[in-house]
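Fair warning: this is a prediction, and the values are worked out from it, not measured in the lab. Here is the naming used below: chain letters follow the sequence lines, and residue numbers restart at 1 for every chain.
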2 protein chains.
Amino acid sequence: MTSINQTLRQAGLKITLSRVKVLQTLMDAEPKRRHLTAEDVYKELVANDEPIGLGTIYRILAQFEEANLVVRHHFTSSPANFELARGRQHYHMVCEESGEIVELTDTALYEQKKREVEQLGYKLVGFNLVLYVEEGS
Amino acid sequence: MTSINQTLRQAGLKITLSRVKVLQTLMDAEPKRRHLTAEDVYKELVANDEPIGLGTIYRILAQFEEANLVVRHHFTSSPANFELARGRQHYHMVCEESGEIVELTDTALYEQKKREVEQLGYKLVGFNLVLYVEEGS
DNA sequence: ATGATTGCAAAACATTTGCATTCTA
DNA sequence: TAGAATGCAAATGTTTTGCAATCAT
């Protein structure tokens, strides 16, 4: 509870019931389900008798993204998946058959690309690597 | 002309006026504009007095994707960008300010990830790395 | 009290699809 | 000429938005 309020405050967001609910839902889904759609969050809340508007969820997730609380992914065209930003740099392997999403890490890679981009005169603000796979090598 | 027909035939697609037009448009856009949306292709053709249905373009691009003639990207939620598959493995740097898309290569990285994925028992069928940047390091 | 936030429904898009018509081989 | 491909418009699915009502400080 406190942690959630702190997180919101630090993000510069006013503490409202809806924002708490959405953040709570994302946190509760960890660590099993890390990449929820807006609809997932909506269904979860409605199932828990916590009515909320889907539009509100989209607005809140956009604010969370802006505040770097969550990362938005476009693994497929849509819907987008949102995951809590946990600092640790990682990337994803998406199985095109099962839809399974596996997280992998390669910190060296991130640092390397960060440097490369800087040498080109830019600042790296987002790193997105997705390996699309099928079962059976 | 011949090259286009050959390409289509090799892809196992019947040669139709619409498919030729779409492929031609993608080729003509090279090398300056490599990542066209379905709408881009549509506008280009209409501007050239080559009427075509937008739905048809979506259908054709999906077929091209299936045949590995083009790659579909989801740099942002939508619309999707399509680029001619030119064999060479590459990835993209997208400037969030200007929208500019720069292509970069790192064959070693691709090969490395391919191996890693195979060690996990999967087959790599798609590789997508996007570095989102801002101007000024 | 005041300005931010929410719910709801409508709008805005991107994309897909059904079906009658038109092409290609 | 048979089966595939197309145009068009309607349907779908996701996300955004306007506005009146509600909430947080």
Side-chain angles (χ1 to χ4, degrees), chain A residues 1 4-25 35-46 48-67 69-82 99, chain B residues 1-2 4-25 35-46 48-67 69-82:
Chain A
M1 203 62 170
I4 284 189
N5 286 8
Q6 267 179 18
T7 303
L8 288 175
R9 210 172 282 117
Q10 282 167 17
L13 295 169
K14 192 178 292 183
I15 292 157
T16 67
L17 195 49
S18 297
R19 292 210 259 247
V20 170
K21 284 179 186 173
V22 171
L23 185 49
Q24 184 73 259
T25 302
H35 306 88
L36 306 188
T37 63
E39 184 89 25
D40 288 339
V41 175
Y42 175 75
K43 282 188 186 152
E44 184 66 23
L45 285 172
V46 169
N48 283 39
D49 260 308
E50 309 257 32
I52 189 174
L54 182 54
T56 301
I57 293 180
Y58 272 104
R59 267 187 293 230
I60 288 177
L61 287 173
Q63 294 158 354
F64 284 6
E65 184 190 18
E66 180 65 21
L69 252 45
V70 308
V71 178
R72 186 192 300 245
H73 293 283
H74 307 288
F75 294 131
T76 59
S77 21
S78 62
N81 292 86
F82 298 85
Chain B
M1 201 67 170
T2 310
I4 285 189
N5 287 8
Q6 267 178 19
T7 303
L8 289 175
R9 210 172 282 119
Q10 282 167 17
L13 295 169
K14 193 178 291 185
I15 291 157
T16 68
L17 196 48
S18 298
R19 293 211 259 247
V20 169
K21 283 179 186 173
V22 171
L23 185 49
Q24 185 72 259
T25 302
H35 307 88
L36 306 188
T37 63
E39 184 89 25
D40 288 338
V41 174
Y42 175 75
K43 282 189 187 150
E44 183 66 22
L45 285 172
V46 168
N48 283 40
D49 259 308
E50 308 256 33
I52 189 173
L54 182 54
T56 302
I57 292 180
Y58 273 105
R59 266 186 293 230
I60 289 177
L61 287 172
Q63 293 157 355
F64 284 5
E65 184 189 20
E66 179 66 22
L69 252 45
V70 308
V71 179
R72 185 192 301 244
H73 293 283
H74 306 288
F75 295 131
T76 59
S77 25
S78 64
N81 292 86
F82 298 85

Quiz prompt | Pairing residues for B:Glu65 by the salt bridge (charged side-chain N to carboxylate O under 4.0 Å, His left out) criterion, not counting sequence neighbours | solution =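 Partners of B:Glu65 by the salt bridge (charged side-chain N to carboxylate O under 4.0 Å, His left out) criterion, ordered by chain and then number, come out as B:Arg72.
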Quiz item: Going 5' to 3' along nucleotides 20-25 of chain C, which nucleotides have protein heavy atoms under 4.0 Å from the base (write B), which only from the sugar-phosphate (write S), and which from neither (write -)?
Solution: ----SS
Quiz item: Reading nucleotides 7-19 of chain C 5' to 3', which nucleotides get B (base under 4.0 Å from a protein heavy atom), which S (sugar-phosphate only), which -?
Solution: BB-----SSBBB-
Exercise. Measure the spacing between OG1 of A:Thr25 and CZ of A:Phe82 and express it to the nearest 0.5 Å.
Key: 13.5 Å
Practice problem: State, yes or no, whether a side-chain contact exists between B:Tyr42 and B:Val22 at a heavy-atom distance under 4.5 Å. | Solution: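 Side-chain contact under 4.5 Å: no.
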Residues forming a side chain to side chain contact (heavy atoms under 4.5 Å, CB included) with [X], sequence neighbours excluded:
{"X": "B:Ser18", "answer": "B:Thr16, B:Ile52, B:Thr56, B:Ile60"}
{"X": "A:Asp40", "answer": "A:Arg33, A:Leu36, A:Thr37"}
{"X": "A:Leu17", "answer": "A:Lys21"}

Quiz item: Between the two end axes of the helix from C:dA1-D:dT25 to C:dA25-D:dT1, each built from 5 base pairs, what angle do you get to the nearest 10°?
Solution: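 Taking the rotation axis at each end, their angle is 40°.
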Quiz item: Got a donor-acceptor contact below 3.5 angstrom from the A:Arg19 side chain to the A:Lys14 backbone?
Solution: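 Side chain of A:Arg19 to backbone of A:Lys14, a donor-acceptor pair under 3.5 Å: yes, one is there.
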Quiz item: Can you list the residues that meet the ring pair (Phe, Tyr, Trp, His ring centres under 6.0 Å) rule with A:Phe75, with sequence neighbours excluded?
Solution: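 A:Phe75: ring pair (Phe, Tyr, Trp, His ring centres under 6.0 Å) contacts with A:His35, A:His73, A:His92.
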Quiz prompt | Contacts of type ring pair (Phe, Tyr, Trp, His ring centres under 6.0 Å), residue B:Tyr58, not counting sequence neighbours | solution =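 None.
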Self-check item: With B:Glu44 via side chain to side chain donor-acceptor pair (under 3.5 Å) - residues at least two apart
Solution: none
Quiz item: Listed by chain and number, what are the side chain to side chain donor-acceptor pair (under 3.5 Å) partners of A:His74, not counting sequence neighbours?
Solution: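 Per chain and number, A:His74 pairs via side chain to side chain donor-acceptor pair (under 3.5 Å) with no residue.
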Self-check item: Interface limits on DNA chain D, where chain B has a heavy atom under 4.0 Å of a nucleotide atom
Solution: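 From 5' to 3', the first and last contacting nucleotides are D:dA4 to D:dC8.
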Exercise. Step through the shown structure and confirm whether more than 12 heavy atoms of other residues, nucleotides or ligands are within 6.0 Å of CD on B:Glu66.
Key: no
